[in-house]
S.K.: 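The following block contains the structure, expressed as C-alpha cells.
Labels below follow one simple rule: chain letters A, B, ... track the order of the sequence lines, proteins then strands, and each chain is numbered from 1. Just so it is clear, the values below take in all heavy atoms, side chains as well, and ignore hydrogens, waters and symmetry mates.
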Amino acid sequence: MEKNLKKQMDVIMLGTEDILIEEELECIVKKSIEEDKPLKVKLGLDPTSPDIHLGHTVVLNKLRQFQDLGHRAILIIGDYTARIGDPSGRSILRPELSAEDIDSNARTYMKQAFKILDPGKTEVVKNSNWLKSLRFEDILNLTSKFTVARMLERDDFKKRFKSNTPIAIMEFLYPIMQAYDSIAIEADVELGGTDQRFNLLMGRELQKEFSQKPQIAITMPILVGTDGIEKMSKSFGNYIGVDEPPQEIFGKVMSIQDNIMIDYFRFVTTLDSEEIREIEYNIKKEKLNPSIAKRKLAKIIIENLYTINDALEAEEDFDLIFKKKGIPDKVEEYIINLKSIKNKKISLVQLLTDSGLTKSNSEARRLVAQGGIKINDRKINDPNLELNLNDINEKVIQRGKRHFRKIITKN
RNA sequence: GGAGGGGUGCCCGAGUGGUUAAAGGGAGCAGACUGUAAAUCUGCCGGCGAAUGCCUACAGAGGUUCAAAUCCUCUCUCCUCCA
C-alpha cells in the first residue's frame, strides 16, 4: 500500500467532482495507512445494457486508482437493482429487464470492466446475494428510516412530482437498495457519477442507522456523449463502447465536437492537468490544430483499451479513408455464386442491397442519384446500371466515405 | 369505483373528412466544404418498380362515406385527477 498520505490524497482527489466529506476521507485514509488495513471501495454497476462505454470508465478509472494505491475494490454487479432500473436523471420509469438479459449483460460487463480494472485485485459480488433474501419485514424496517419528503429532495423526483409525472413506489426503493448494498459489504468509500450523489448519501444515512461508519461518497463528472449534448449513454446512441474495434473508436473520437474535447481529455485520460491546460490554451491561441489534439486523444483512449499498435493502426486506417480517400486493406467481402444468376448480369441497385451496403433498393437508387456510390473509386451516376458479373470480380463498391464491400464472384 | 386526456413514421411532435406518404424538429444517410466521421451549407429520409404507377401506413377490429389519421362502435393500452 502507498504509505504517503499526501500522495494518496492527491491521487484520490484527481478529477473528482465532489467528495463528501473530504475531512473524513483524509481521516480514514490516514487510519488505513497506520493500521495497514485497506479501505473497501465500492462501485455499483447495473447491467442494464450489455456494453460498458467511456462514460463508465470515468468512474472505473477512479476505482482502478484506488486499487493501485492498495485498497480493496469491490465491484457490485447490480443484478437485482437492474430489475428496477435506477431512476436517476430519468423522467420516465424504465422498462423491466428479464433475468436472462441481466445475466448475459452482467457477463459482458465484467469482461469489459476488466479492461480498466485489475482483475486479480477486484472483488466482484452480485447484489442479489443479499437483496433477494430480504423479507417484507426487513423492507418495512428499511423504508421506515426514510420519509417521502426526504425522497422528494432529490431533483429528478421533485421535478416529476411537480409536473405530475408518475413516480413508482418501486423507484423510491432503488436508492434504499443501493444504500443497503453499502451495509452488506460495509463500504468505506463509494464511487459514482454526480447523478449518483443522492444515492450515495442514502448509503451514508442508512449505514448510520445500522451503526456502521458512514461511507465517503466520491462523485465523478458525467461524460457528455459524442453528440455533445446528452450524457453518454447507450439509450441516446451517443456512446463509445470499450469493446468496439479500434478503428471505430478512433472514428468516433474524431467525430466528437471540438468544444467537448477537453472534457474527454480531463475525464477519460490520465494526462495531468498541466498538460491538458496547455492543449486547451494552444487550441485557443490557434497554435494547435484541434484535429491534431483529437488524434492524440483518440490514440490515448485506444491505447488504454487495447495496445499502442492498435492505436497507430487505427490512425493509419483513418487517414487512408479520410485524407487520401482511399480504400482500406481489409474490406468485407461479398461472394456471388455465378450459378445462381441468370445471364450473368445484375443491376447495381440489386447488388448494393444484396451485399448489405443499402437497406433497400429504393435507398440504393437514391444514393446512386446523389453521387454516393463508387466502384473502384469511380463515381457511378446511373441508377439503372447493369453490371456484368465477369467484370466485377475483386472490385470494391463503396457507399459514402466509409462503407466498403469487395465483390467476389465464384462458380 | 368515478371523471377526464392520450396512443401518428427510428424518436419527439403537428394535423380533426379530400392537392396527406402525412407539417416541423431531432437522429440517420449522402453531397459540398474542411482541420476530422467537428462546425456550416445542400439534398435525401416507408416499400416495390425503368416508369405514368402500384402496395403498405397514423394502437387493433369493424362501420359510415365517392373519399377517413381525421366521424361512429367495440377492443386493447398509457396517463392524469377525484375517491
S.K.: Under a 4.5 Å cut-off applied to non-hydrogen side-chain atoms, are A/Y80 and A/N129 in contact?
M.R.: no
S.K.: Could you check whether any side-chain heavy atom of A/N361 comes within less than 4.5 Å of a side-chain heavy atom of A/Q350, counting everything from C-beta outward?
M.R.: yes
S.K.: Specify the separation, in whole Å, of atom CZ of A/R402 and atom P of B/A30.
M.R.: 7 Å
S.K.: Less than 4.5 Å apart, any side-chain heavy atom of A/V253 and any of A/Y264?
M.R.: no
S.K.: Name the pairing partner of B/C44, where a pair is Watson-Crick or G-U wobble with both distances under 3.5 Å, or state none.
M.R.: B/G28
S.K.: For the side chain of A/Q257, starting at C-beta, report the closest nucleotide among B/G31, B/A37, B/A38.
M.R.: B/A38
S.K.: Hey, does A/S182 have a side-chain heavy atom less than 4.5 Å from the side chain of A/E190?
M.R.: yes
S.K.: Across all strands, who's sitting opposite B/A57 as a Watson-Crick or G-U wobble pair, both distances under 3.5 Å?
M.R.: none
S.K.: Give one of base, sugar-phosphate or nothing for A/R399, where a contact means two heavy atoms less than 4.0 Å apart.
M.R.: sugar-phosphate
S.K.: Taking atom P in both B/G1 and B/A59, compute the distance separating them and give it to the nearest angstrom.
M.R.: 27 Å
S.K.: Is the distance from OP1 or OP2 of B/C48 to the nearest side-chain N or O of A/S360 less than 4.0 Å?
M.R.: yes
S.K.: Does B/U80 pair with anything, Watson-Crick or G-U wobble, both distances under 3.5 Å, and if so, with which nucleotide?
M.R.: B/A3
S.K.: Assign each of A/M261 and A/G372 to its nearest nucleotide of RNA chain B by heavy atoms, then name whichever residue's nucleotide is nearer the 5' end.
M.R.: A/G372
S.K.: Distance check, C1' atoms only: B/G15 and B/G35, in whole angstrom units.
M.R.: 44 Å
S.K.: Remember a base hit wins even if backbone is also touched, and classify A/Q370 as base, sugar-phosphate or nothing at under 4.0 Å, heavy atoms.
M.R.: base
S.K.: Is there a Watson-Crick or G-U wobble partner for B/U16 with both distances under 3.5 Å, and if so, which one is it?
M.R.: none
S.K.: Can you tell which of B/G49, B/A30, B/U36 lies closest to the side chain of A/F322?
M.R.: B/U36
S.K.: Between B/A22 and B/A37, how far is it from one P atom to the other, in whole Å?
M.R.: 33 Å
S.K.: Give A/E315 one of three labels, base, sugar-phosphate or nothing, depending on what nucleic acid heavy atoms sit under 4.0 Å from its own.
M.R.: nothing
S.K.: Is the NZ or CZ atom of A/K374 both under 6.0 Å from the centre of the six-membered ring of A/F404 and within 45° of that ring's axis?
M.R.: no
S.K.: Given the C1' atoms of B/U19 and B/C72, what is the spacing between them in whole Å?
M.R.: 27 Å
S.K.: Rounded to whole angstroms, how far apart are CG on A/L320 and P on B/U36?
M.R.: 14 Å
S.K.: How is A/F318 classified with respect to the nucleic acid when contacts are heavy atoms under 4.0 Å: base, sugar-phosphate, or nothing?
M.R.: base
S.K.: Round to a whole Å and report the spacing from CD1 of A/I397 to P of B/A30.
M.R.: 15 Å
S.K.: For A/N361, which contact category applies under a 4.0 Å heavy-atom criterion: base, sugar-phosphate, or nothing?
M.R.: sugar-phosphate
S.K.: Would you mind reading off the distance between A/N282 atom CG and B/G35 atom C1', rounded to a whole angstrom?
M.R.: 16 Å
S.K.: Which value, in whole Å, describes the distance between the C1' atoms of nucleotides B/G49 and B/A39?
M.R.: 39 Å
S.K.: When you check the phosphate oxygens OP1 and OP2 of B/U36, does a side-chain N or O of A/S255 lie under 4.0 Å from one of them?
M.R.: no
S.K.: Expressed as a whole number of Å, how far does the P atom of B/G28 sit from that of B/C81?
M.R.: 36 Å
S.K.: Quantified in whole Å, what is the P atom distance between nucleotide B/U16 and nucleotide B/C82?
M.R.: 31 Å
S.K.: Nearest whole Å is fine: how far is B/A30 P from A/E363 CD?
M.R.: 9 Å
S.K.: How many Å lie between CG on A/L297 and C1' on B/G35, as a whole number?
M.R.: 15 Å
S.K.: Can the positive tip of A/K115 be found less than 6.0 Å from the middle of the six-membered ring of A/Y306, inside 45° of the ring normal?
M.R.: yes
S.K.: Scan A/I256 against the nucleic acid and name what it touches under 4.0 Å (heavy atoms): base, sugar-phosphate only, or nothing.
M.R.: sugar-phosphate
S.K.: Quick check on B/G28: is either OP1 or OP2 less than 4.0 Å from any side-chain nitrogen or oxygen of A/R366?
M.R.: no
S.K.: For the side chain of A/N289, counting heavy atoms from C-beta on, which of B/G35, B/G49, B/A30 is nearest?
M.R.: B/G35
S.K.: Measure from CG on A/D227 to C1' on B/G26 and round the result to the nearest Å.
M.R.: 11 Å
S.K.: Counting only side-chain heavy atoms from C-beta out, which of B/G35, B/A30, B/A37 sits nearest to A/L367?
M.R.: B/A30
S.K.: Where is the tightest heavy-atom contact between A/V41 and A/H71, given as atom of each residue plus distance?
M.R.: CG2-CB, 4.2 Å
S.K.: How long is the line joining CG of A/D258 and C1' of B/G35, in whole Å?
M.R.: 8 Å
S.K.: Identify whether any heavy atom of A/G400 sits under 4.0 Å from a base atom; if not, whether one sits that close to sugar-phosphate; answer base, sugar-phosphate or nothing.
M.R.: sugar-phosphate
S.K.: Reading RNA chain B from 5' onward, which residue's closest nucleotide shows up sooner: A/K374 or A/R365?
M.R.: A/K374
S.K.: Looking only at atom C1', what distance separates B/A32 and B/G24, rounded to whole Å?
M.R.: 25 Å
S.K.: Would you kindly check if the NZ (Lys) or CZ (Arg) of A/R154 is within the cone defined by 45 degrees around the ring axis of A/F157 and under 6.0 Å from the six-membered ring centre?
M.R.: yes
